[in-house]
Each structure stands twice: as structure tokens, then as C-alpha cells.
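All remarks here apply to the structure that follows.
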2 protein chains.
Amino acid sequence: MATINGCWFDVNLTRYGGRVTLPGYDPADFPPFAVTVDLVVLTLRGGELHVLLVERGAEPWRGHWALPGGFVRPDEGLDAAAERELAEETGVHDVPGHLEQLASYGDPGRDPRMRVVSVAYLALAPDLPEPRAGTDAAQAAWVPVVRAQREALAFDHARILADGLERARAKLEYSSLATAFCGPEFTIGDLRRVYEAVWGATLDPRNFHRKLTGVPGLLVDTGRTRTEGRGRPATVYRRGDVTTLHPPLTRD
Amino acid sequence: MATINGCWFDVNLTRYGGRVTLPGYDPADFPPFAVTVDLVVLTLRGGELHVLLVERGAEPWRGHWALPGGFVRPDEGLDAAAERELAEETGVHDVPGHLEQLASYGDPGRDPRMRVVSVAYLALAPDLPEPRAGTDAAQAAWVPVVRAQREALAFDHARILADGLERARAKLEYSSLATAFCGPEFTIGDLRRVYEAVWGATLDPRNFHRKLTGVPGLLVDTGRTRTEGRGRPATVYRRGDVTTLHPPLTRD
DNA sequence: TCAATAGTGTCTGTAAGACAGTATTGT
DNA sequence: ACAATACTGTCTTACAGACACTATTGA
């Protein structure tokens with residue numbers, strides 16, 4: 001029986017040599033991979049959608065921007081690894097918002113050094129403080145998404161970012177995911193600005209208001225109001241139990 | 001620089017001992033995982049939704065049904081591994097239909113022998129011949145989905161199956177995915193029976209017909225008709241270029 | 001007062017769901 | 001003839017999109 005220690009490698013080395021995997025496989029015959037999690041962390045800063053990027057301090061892709069991420073540890077699950085990395089990279093414990101698995105990327109050659117399968121996660125968070133620099137020389141920063149898409153991101157991270165953006169845009173249509181970009185309390189206007197930033201479109205405030213307040217159970221009225229700058233104070237809501245929009249909002 | 005050969009293991013053995021991964025990671029410091037693909041292959045047989053399962057011939061979970069799958073080879077991508085496994089397990093080369101990544105599952109302990117990350121794929125195929133038995137003693141079979149869900153599937157395959165079914169059900173709402181269950185030519189009635197089998201609901205044939213024929217570019221009229229049993233012959237269609245249903249079909 | 005934002009009311013076009021009715025086959 | 005399936009037309013209701021209008025604040 002294989003165990004997680006040094007001896008383990010020798011077992012696999014001897015068994016793996018020249019063998020072709022077949023149905024009825026035995027995991028002791030496995031070709032080993034590195035498994036990492038990469039994070040697409042989106043937030044709203046100043047009405048503009050931003051993504052968390054780190055600047056690579058080592059080859060390959062030294063000096064290029066990359067999605068934050070790291071190895072899955074031997075004793076932790078994929079979701080737990082994503083949560084840990086999210087806390088580490090943002091510098092915030094128990095990051096509020098939303099975290100879900102996006103997809104896995106494992107083309108041979110995506111990392112020139114060795115075979116790496118990366119499980120990408122999508123995180124949506126309210127405006128967080130400026131990220132601290134990593135423990136090595138690499139710096140971390142919130143980068144406007146439109147600028148990130150023009151950069152030459154490391155590895156296949158441009159595609160992962162594109163997939164994450166598309167997932168976020170699609171899920172806003174039929175879910176209450178927009179609230180993940182806000183704090184625990186928010187106004188209808190806050191939500192509308194989320195949609196406008198993520199979709200890159202302008203929405204009619206009046207129809208948007210009627211639509212969202214018309215879904216029973218979606219929003220809970222706190223009874224309080226909030227005034228920001230000019231204009232009539234807005235009703236403050238909390239998340240309700242209902243998380244699906246039926247019928248969905250459309251982005252044409 | 002690590003390379004894919006025997007020497008490679010020694011490199012990792014020495015570097016991995018006792019080290020904790022940190023940001024600014026180096027893939028040479030990786031904790032190794034086995035990476036597999038598991039397949040949720042759905043098809044329609046006799047108007048009922050079936051899933052392809054294999055009976056395990058070895059411990060653990062010997063004698064239990066499991067989703068087909070196998071190791072990703074060192075030189076192939078994840079999608080390629082899924083395509084290869086699909087062809088191997090069904091016994092059909094170039095399986096028609098649809099294949100997409102579903103999600104990845106990597107809880108520690110999901111395989112008691114060692115750490116395995118499985119990248120699950122969802123495949124939709126027209127009715128295929130009875131699968132051949134595997135090269136080992138394990139047998140493969142099309143199992144009605146309702147029965148598969150009552151079985152104690154191996155590992156975490158019950159959850160993977162549930163996720164695959166939910167993905168298929170959701171995607172039927174807003175895509176032309178139902179055509180993946182049919183051959184290259186099909187009738188509106190064929191498509192309706194796909195929806196009814198996957199959703200487990202009955203649909204109004206008249207509104208369904210009007211809805212699907214009303215989406216421009218979705219269906220291409222071959223000009224021919226097909227008669228099955230009693231009733232007026234149905235127009236035969238092929239897939240069109242349009243693959244999204246706007247607005248979507250609803251399953252309430 | 002004016003500008004800005006929040007929220008309500010109303011109209012119109014479109015589409016979903018229900019279902020009557022016609023068309024074309026096998027038995 | 002009758003049953004079964006394919007397809008068409010029509011009616012009602014609901015909702016999206018457009019936009020006039022009222023409400024409440026800061027400057």
C-alpha cells in the first residue's frame with residue numbers, strides 16, 4: 001500500500017516504468033502530476049471590475065502578471081486549498097463573497113517545467129484592501145479587467161481569466177450572485193452598478209428596480225435607508241433565502 | 001530542470017521532504033497526485049435516460065458500479081484523455097454527440113489508496129451499441145439513471161453523476177444540446193422525447209414545436225420526412241449554426 | 001432652485017401556456 | 001373509421017422594455 005512519505009516515490013518509480021494504463025487501473029501505477037489551484041478573484045473598485053493579479057518573480061514568465069494560486073497540500077481538499085490561497089493572497093481571513101470551482105486546465109506543456117494540472121476557482125468579493133506583496137519579491141495588485149485582458153498573462157491564465165469572466169457574466173443572469181460583490185447590506189443601486197460593471201452595459205434603473213424587488217424572497221428590507229452623495233436615500237437590503245432569478249435578467 | 005523520466009522522481013523526493021508550499025512556489029517542490037478522468041456518459045435507450053457504468057473487479061469497492069474512467073497519460077491533455085476513455089469504454093471510435101468538462105473532485109480520502117484528483121467529463125451520445133466488457137473481469141453496461149441513483153456507486157461517483165445530470169438538465173434549457181442525443185438527422189418529436197426523458201416531465205408537443213421551429217438558424221429542414229409507426233410523417237431536420245435558445249425553454 | 005438618485009405607474013410589443021382544429025399516416 | 005402523431009392558429013396572461021412622473025436628498 002502506498003503511503004504519503006518518501007518511500008512512496010520509489011514504489012511508483014518502479015511500477016510506472018514503461019507501463020501503459022488500462023481499464024481496471026491500479027492507482028499505484030499512476031503517472032504523477034502536480035496539482036495547483038489558480039484563482040480568478042473579481043471585485044469592484046470605483047465602479048470598475050478588477051481582478052487580483054501577482055507579478056511573477058521567477059522564471060518562467062518572470063515579470064509577467066499571473067493569477068494567484070499555489071499547490072494543493074497533500075491533506076487538504078480542492079475547495080479548502082482555494083479558500084486558503086484566497087485568504088493568503090488577499091491578506092483577509094474569511095473573505096466574504098462567493099467562491100466556486102471554475103474548471104481544470106491540464107494541457108501538457110502549459111508549464112514548461114513539468115506536468116501541472118490547475119483547478120481554477122472563481123471568487124467574487126466586495127472591495128478589499130490593497131493586497132500585501134507576496135513573501136517573495138512578487139507584488140500583488142488589483143488590476144482593471146480591461147487592462148488585465150490586454151496584458152500578456154503567464155501560462156494559460158488569459159484563457160482562465162476569460163472563462164471566469166464569462167462564468168460571472170452568465171451567472172448574474174439567473175442568480176443573486178451580484179450580492180457577493182457587496183457587503184452584507186446593499187441598495188438596489190449597488191446591485192445595478194455591479195451588473196453594469198460586470199456586463200459592461202447600462203441598465204434602466206427603473207426597470208431594474210422593479211425586476212429585483214419583484215422576486216419574492218430575494219431581498220430582505222432592513223427598514224433603514226442610506227444616502228450617498230446627492231439624491232433620495234435608498235432602501236437598504238440584505239440577502240434573502242431565494243438565490244435564483246426566475247425568469248432571468250437578460251443581457252442582449 | 002525536471003524532465004519526464006525516472007530521474008525526475010528523485011529530484012522531487014529530495015526537494016519535497018518536509019517542506020511546506022508557499023507563495024512563490026516552484027513546481028519542483030510539488031506534492032504529487034494521480035490525475036484521472038471520469039466520464040458521465042448519458043444516452044437515450046427506449047425513451048429512458050441511461051448512464052454508462054462499469055462494475056469494479058478489484059478492491060476497493062469491488063463489485064460496485066462505478067463511472068468509467070482512467071489515468072491521464074503523461075503526454076495527453078485532459079480533453080484528449082476524456083475522448084480516449086470515451087472511445088475505449090463505449091467501444092466506438094469517434095463517438096458522436098457532445099463532450100465537455102464537468103468539474104474536478106479531489107477530496108483527500110476519496111480513494112483510500114492514495115491521493116487522486118479526478119477531472120469529470122459529461123458526454124451525451126445517441127443510442128450506442130451495448131458496451132464491450134473491459135479487458136479485466138469488470139463488465140460495462142448501460143444502466144437506467146433512476147436505477148443508477150439507487151445503487152451504491154463507488155467512491156464519490158454518486159455525486160459526480162448527480163452533478164452531471166444537473167448540468168445536462170440545465171443546459172437543455174438554453175442550448176441545442178438535446179441534438180447531441182440524436183443522430184445527425186432528427187425530428188422535432190425526437191428532440192421533445194429527449195427533453196421529456198432528461199427532465200422527467202411531459203411537454204406540450206404543439207408549443208414545443210412552435211418554440212423550436214421559431215428560433216431562426218437552430219434547425220435546418222432537410223426537405224425529407226420520416227414516419228415512425230402511426231401518425232403523420234415528421235419533417236427531418238439537421239443541426240443549424242445557432243446553438244443557443246433565446247429565450248430559454250423553462251422547466252418549472 | 002437645480003441636479004441627482006430612488007422609486008412608482010403606465011403603455012406596448014412579444015412570448016409562453018392552453019388548447020381547438022387541420023393534415024397525414026398505419027391499423 | 002379510428003387512433004396516433006405532426007403541425008397551425010388563436011386566445012389569454014405575463015413580463016420586458018420604454019418612459020412619464022413623483023419623492024427625497026445635497027449643493
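Every chain is numbered from 1, with letters handed out A, B, ... down the list of sequences. All heavy atoms count here, side chains included; hydrogens, waters and symmetry mates do not.
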Would you check if there is a donor-acceptor pair between the side chains of B:D38 and B:S118 at a distance under 3.5 Å?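 The answer is yes; a qualifying pair exists.
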Going by atom types only, do A:S104 and B:S104 share a side-chain donor-acceptor pair under 3.5 Å?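 A donor-acceptor contact under 3.5 Å links the two side chains.
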Going by salt bridge (charged side-chain N to carboxylate O under 4.0 Å, His left out), name the pairs with one or both residues in residues 235-248 of chain A, residues two or more places apart or in two chains.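 Output for this query is empty, none listed.
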Selection: [range], any non-hydrogen atom under 4.0 Å of DNA chain D:
| range | answer |
| --- | --- |
| residues 211-220 of chain A | A:K211 |
| residues 192-199 of chain B | B:R192 |
| residues 171-186 of chain B | none |

When you measure from the side chain of A:R210, which nucleotide among D:dA18, D:dC7, D:dG9 comes out closest?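 Ranking D:dA18, D:dC7, D:dG9 by closest atom to the A:R210 side chain puts D:dA18 first.
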With nearest nucleotide decided by heavy atoms, which residue, A:A234 or B:N207, maps closer to the 5′ end of DNA chain C?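 Comparing both residues, the 5'-ward one is A:A234.
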Upstream residue (5' side of DNA chain C) when A:T235 and B:L249 are each assigned their closest nucleotide: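 That would be A:T235.
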Would you mind classifying the nucleic acid contact of A:T250 as base, sugar-phosphate or nothing, using non-hydrogen atoms under 4.0 angstrom?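 Sugar-phosphate, no base atom in range.
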Encode nucleotides 20-27 of chain D as B, S and - characters from 5' to 3', where the letter depends on protein heavy atoms closer than 4.0 Å: B to the base, S only to sugar-phosphate, - to neither. BB-BBBSS
Mind checking whether B:H157 and B:F155 have parallel, tilted or perpendicular rings, split at 30° and 60°?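 Rings of B:H157 and B:F155: tilted, as their planes differ by 30° to 60°.
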Of A:D204 and B:T225, whose nearest nucleotide on DNA chain D comes first from the 5' end?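 That would be B:T225.
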Would you indicate, yes or no, if D:dC7 has its OP1 or OP2 atom less than 4.0 angstrom from a side-chain nitrogen or oxygen of B:H209?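 Yes, within the criterion.
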Salt bridge (charged side-chain N to carboxylate O under 4.0 Å, His left out) partners for [X], two or more places apart:
| X | value |
| --- | --- |
| A:E100 | A:R167, A:K171 |
| B:R224 | B:E185 |
| B:R232 | none |

Run the side chain to side chain donor-acceptor pair (under 3.5 Å) test against [X] and tell me which residues pass, sequence neighbours left out.
| X | result |
| --- | --- |
| B:D190 | B:T187, B:R193, B:R226 |
| A:R206 | A:D204 |
| B:R230 | none |

When rounded to the nearest 0.5 angstrom, what distance separates CZ in B:R45 from NE2 in B:H50?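 Output value for this atom pair is 6.0 Å.
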For the pair A:E166 and A:R251, find out whether any cationic side-chain nitrogen is under 4.0 Å from an anionic carboxylate oxygen.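 Answer for the salt bridge query: yes.
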Could B:R147 and B:E48 be called an ion pair, given the rule that one side-chain N must be under 4.0 Å from one carboxylate O?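 Salt bridge flag = no for B:E48 with B:R147.
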[X] [atom1] - [N] [atom2] separation (whole Å):
| X | N | atom1 | atom2 | result |
| --- | --- | --- | --- | --- |
| A:H246 | C:dG17 | NE2 | C1' | 16 Å |
| A:L191 | C:dT5 | CG | P | 17 Å |
| A:L203 | D:dG17 | CG | P | 9 Å |
| B:F208 | D:dT8 | CZ | P | 15 Å |
| B:R226 | D:dT5 | CZ | P | 15 Å |

Sequence neighbours excluded - ring-ring contact (aromatic ring centres under 6.0 Å, His included) pairs with any residue from residues 201-233 of chain A: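 Listed once each, the pairs are A:Y195-A:F208.
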